[in-house]
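Only one structure is covered here, and it is reproduced in the block below.
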There are 2 protein chains.
Amino acid sequence: MNGIMFYPLLEEAGDFINSSVRGKKLIICIGLFSVEYLGRSSSNLGLGERVLMVKEDGSVLVHRRVGYEPVNWQPAGCIIRCGVRDGKLLLLSERRRPKEFLKVVFDKVYLITSTSLVDEARFEIGPVENEFYDLLMAHPEYIEEGLRIVSRQKSMPSGIPDFTGKDSKGNYVIIEVKRSMAGVDSVKQLDRYMKSQRGHFRGILCAPSITKSALLILKKKGYDFRRLNLKALSSLVAFKPYEETLDRHLEEGGS
Amino acid sequence: MNGIMFYPLLEEAGDFINSSVRGKKLIICIGLFSVEYLGRSSSNLGLGERVLMVKEDGSVLVHRRVGYEPVNWQPAGCIIRCGVRDGKLLLLSERRRPKEFLKVVFDKVYLITSTSLVDEARFEIGPVENEFYDLLMAHPEYIEEGLRIVSRQKSMPSGIPDFTGKDSKGNYVIIEVKRSMAGVDSVKQLDRYMKSQRGHFRGILCAPSITKSALLILKKKGYDFRRLNLKALSSLVAFKPYEETLDRHLEEGGS
DNA sequence: GCGCTTAGCCGCTCA
DNA sequence: TGAGCGGTTAAGCGC
């Protein structure tokens with residue numbers, strides 16, 4: 001049921017949670033509780049005041065006073081069981097694969113609320129991976145003049161390189177693209193692809209920047225680095241009107 | 001201020017948020033709003049009912065009906081500004097480095113609450129102290145194949161190493177175990193034990209990881225480092241108690 | 001501050 | 001179902 005309770009008895013809170021879970025509601029609960037986790041790892045969090053969130057898909061979040069990340073959690077798809085035992089309110093969340101358990105033991109519930117959220121909006125995310133590769137696919141000159149893309153995301157025994165192509169001199173090339181600074185593992189990734197090839201190939205690592213150590217290894221292995229101009233690339237996509245809105249509001253400020 | 005409001009006017013909600021931010025409270029708000037993000041990437045989420053959480057460290061989370069992950073967020077350290085503009089309640093979160101903005105635009109606020117959570121508990125990850133040593137005692141192969149534990153020092157008073165044992169070649173070994181990354185002083189500790197011994201002993205430092213400088217000294221002194229797989233160790237913890245609790249609960253309890 | 005490594009990473013895609 | 005891989009990864013640590 002949609003609703004809210006303040007300082008409920010633990011039995012009341014338990015009933016509330018169970019009917020909310022059955023009713024596919026989002027539950028938010030502020031209380032005094034401890035948390036145990038057992039699964040791929042294990043953890044123990046003693047008594048303290050925190051926020052518990054349980055969603056209709058079975059995901060569970062335990063948030064402490066600070067920090068972006070939940071201290072304990074369970075991803076979507078878990079089975080929630082709840083009830084009073086030995087004078088404490090117990091909430092158990094079981095994940096099937098991998099087998100994992102989260103146990104929340106309430107001493108006190110200060111506030112508990114459940115709601116049905118109506119939210120049909122589509123989440124639009126800006127120049128994402130795919131869009132980004134579309135651009136490079138359409139404009140290989142941003143990687144190297146005269147380059148022609150032959151394949152994209154082609155599966156190889158050693159993984160999946162972003163592109164294969166042919167350069168202006170007719171050499172076959174393998175291209176690994178990073179949207180942010182390339183590190184040592186980017187080079188390793190490229191190297192894996194290269195090693196699994198027979199015949200002459202050029203290797204190109206393409207990113208806005210590269211760490212010193214990565215560049216060192218790259219050079220030693222005889223591969224090339226191509227600096228990617230993200231700004232120039234973005235200018236190829238349509239301007240996002242909401243950036244304007246945000247800027248305007250930031251200028252005018254709030255308080 | 002600690003408190004809660006139902007269906008407040010946007011102005012009231014704005015004031016509430018501002019004083020809560022100043023008072024270092026955790027804010028939870030359920031409402032009808034849209035979200036824009038601009039920074040390393042950009043995103044747009046149209047109008048819908050969601051949960052907003054703002055923590056005292058400036059972290060911001062926007063949660064939709066489903067999913068473990070927040071649809072939008074801002075990590076700790078952001079500056080929160082809030083106020084009414086053009087009949088909407090705006091909440092802006094600004095991150096300095098990298099420069100990122102999150103804008104929440106409320107059409108309606110259904111519920112808003114702020115609390116000061118008292119939570120001093122320490123978060124223990126991995127097997128708890130005793131369990132941890134029990135596990136290693138029972139599974140010395142996690143330290144080294146063929147190792148046999150001879151003695152164990154449970155409590156911490158120094159002067160006595162965590163374990164002594166005999167390796168597969170019949171060498172006596174002194175083992176210093178750390179539950180977290182080993183540092184220079186871990187090596188020093190092992191070294192003290194070693195120096196207090198007469199006769200031939202091998203020294204093993206056993207930890208999930210080790211700092212470079214510590215490894216350097218360790219090698220120079222001729223001791224060995226053994227990487228501890230905490231994850232694998234955790235999985236050795238008996239699942240029985242949990243499953244029992246869960247089963248018992250399912251049979252007798254809640255719903 | 002930057003660069004590197006890890007994470008109960010999560011979640012997506014595709015063989 | 002598993003492997004590979006991106007992410008507004010975040011967060012921690014060494015340098």
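Labels below follow one simple rule: chain letters A, B, ... track the order of the sequence lines, proteins then strands, and each chain is numbered from 1. All values reported here derive from a predicted model rather than from experimental measurement.
When rounded to the nearest whole Å, the span between CD of A:Glu100 and P of C:dC10 equals 7 Å. Atoms CZ (A:Phe163) and P (D:dC5) sit 15 Å apart, rounded to a whole Å. If you take CD of A:Glu36 and C1' of C:dG8, they are 15 Å apart, rounded to a whole angstrom. When rounded to the nearest whole Å, the span between CG of B:Asn72 and P of D:dG7 equals 16 Å. The separation between B:Leu215 atom CG and D:dC13 atom P is 18 Å, rounded to whole Å. Atom CD of A:Glu69 and atom C1' of D:dG7 are 13 Å apart (whole Å). As rounded to whole Å, 15 Å separates atom C1' of D:dG7 from atom CG of A:Asp162. For A:Met181 and D:dT9, the CE to P distance is 13 Å, given to the nearest whole Å.
The base of C:dT5 does not come close enough to the side chain of A:Asp185 for any donor and acceptor atom to sit less than 3.5 Å apart.
Using cut-offs of 30° and 60° on the angle between ring planes, the pair B:Trp73 and A:Tyr68 is tilted.
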With side-chain contact (heavy atoms from CB on, under 4.5 Å) as the test, would you mind laying out the steps for A:Leu117 and B:Arg64 before giving the verdict? CA-CA 8 Å; A:Leu117 299 176; B:Arg64 300 185 84 171; over 6 Å; no

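Looking at heavy-atom distances under 4.0 Å, B:Pro75 makes contact with sugar-phosphate atoms alone, never a base. At a threshold of 4.0 angstrom between heavy atoms, the contacts of A:Lys178 are confined to the sugar-phosphate backbone, with no base atom among them. Within 4.0 Å of A:Gln189, counting heavy atoms only, lie sugar-phosphate atoms of the nucleic acid but no base atom. Within the nucleic acid shown, B:Phe123 has no heavy atom closer than 4.0 Å to any nucleic acid atom.
For A:Arg97, a side-chain nitrogen or oxygen approaches OP1 or OP2 of D:dT1 to under 4.0 Å. Between A:Tyr193 and the phosphate of D:dC5, there is a side-chain N or O to OP1/OP2 separation shorter than 4.0 Å. Here B:Arg40 reaches the OP1 or OP2 of D:dT9: one of its side-chain N or O atoms lies under 4.0 Å away. Contact annotation: B:Ser43 does not reach the phosphate of D:dT8 (side-chain N/O to OP1 or OP2, under 4.0 Å).
In this pair, B:Tyr37 lays its aromatic ring flat on the base of D:dT8, centres within 5.5 Å and planes under 30 degrees apart.
Between B:Val71 and A:Arg192, it is A:Arg192 whose nearest contact on DNA chain D lies nearer the 5' terminus. Comparing A:Thr211 and B:Gly67 by the nucleotide of DNA chain C that holds the closest heavy atom to each, the one mapping nearer the 5' end is A:Thr211.
Classification of B:Arg81 and B:Glu94 as a salt-bridged pair holds, one side-chain N sitting under 4.0 Å from a carboxylate O.
A:Gln197 and A:Tyr193 form no side-chain donor-acceptor contact under 3.5 Å, judged by distance and modelled atom types alone.
Across D:dC5, C:dG11, C:dC9, the shortest atom-to-atom separation from the side chain of A:Trp73 is found for C:dC9.
Checked options B:Val35, B:Leu52, B:Ile27, B:Val105; the residue passing with B:Leu91 is B:Leu52 (criterion: side-chain contact (heavy atoms from CB on, under 4.5 Å)).
The environment of B:Lys99 atom NZ is dense: over 12 non-hydrogen atoms of other residues, nucleotides or ligands sit within 6.0 angstrom.
Rounded to whole Å, the C1' atom of C:dT6 lies 15 Å from the corresponding atom of D:dG7.
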